[in-house]
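Here the structure comes first, spelled out in structure tokens, and everything after it is commentary.
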Amino acid sequence: MLILSRKIDEKIKIGDEITITIIDVHGDQVKIGVEAPKNVKVFRQEVFDAIQTENKAAVASGDGDNQKAINAVSALSKLLRK
């Protein structure tokens with residue numbers, strides 16, 4: 001793991017196409033901005049974990065029950081809107 005110190009308005013580059021900007025620091029909370037191509041998916045870790053869990057559950061069910069998958073996608077969509 002690379003650990004960097006940055007101040008507000010300073011940036012971090014990842015490859016040629018991804019830029020992370022420190023927007024604000026308030027107490028123990030840091031707001032960052034992520035600039036990335038549309039084909040690069042950017043998720044909060046807890047949302048990514050939920051997606052992975054739902055994907056595994058959908059594959060494990062394997063019974064052709066599409067309603068379960070539809071419900072999972074709906075729940076994840078709600079999480080992403082938060």
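The analysis underlying the following values was restricted to heavy atoms, covering all of them including side chains, and did not include hydrogens, waters or symmetry mates.
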Under the 4.5 Å side-chain heavy-atom rule for ILVMFWY, direct or indirect, which residues accompany Ile32?
Leu2, Leu4, Ile8, Ile12, Ile14, Ile18, Ile20, Ile22, Val25, Val30, Val34, Val40, Val42
Hydrophobic side-chain clustering at under 4.5 Å (ILVMFWY, transitive links): who's grouped with Met1? Put none if nobody.
Ile3
What pair of heavy atoms forms the shortest contact from Glu10 to Ser5, and how long is it?
OE1-O, 4.5 Å
Glu35 meets the salt bridge (Lys or Arg N to Asp or Glu O under 4.0 Å) criterion, sequence neighbours left out, with none
Hits for side-chain contact (heavy atoms from CB on, under 4.5 Å) against Phe48, two or more places apart or cross-chain, chain-then-number order -> Phe43, Gln45, Gln52
To the nearest 0.5 Å, tell me how far Ile51 CD1 sits from Glu54 CD.
9.5 Å
Taking only residues two or more places apart in sequence, or in another chain, which ones meet Gln29 in a side chain to side chain donor-acceptor pair (under 3.5 Å)?
none
Not counting sequence neighbours, list each pair that qualifies as a side-chain hydrogen bond (donor to acceptor under 3.5 Å, both in side chains) and has a residue in residues 19-28.
Lys11-Thr21, Lys13-Thr19
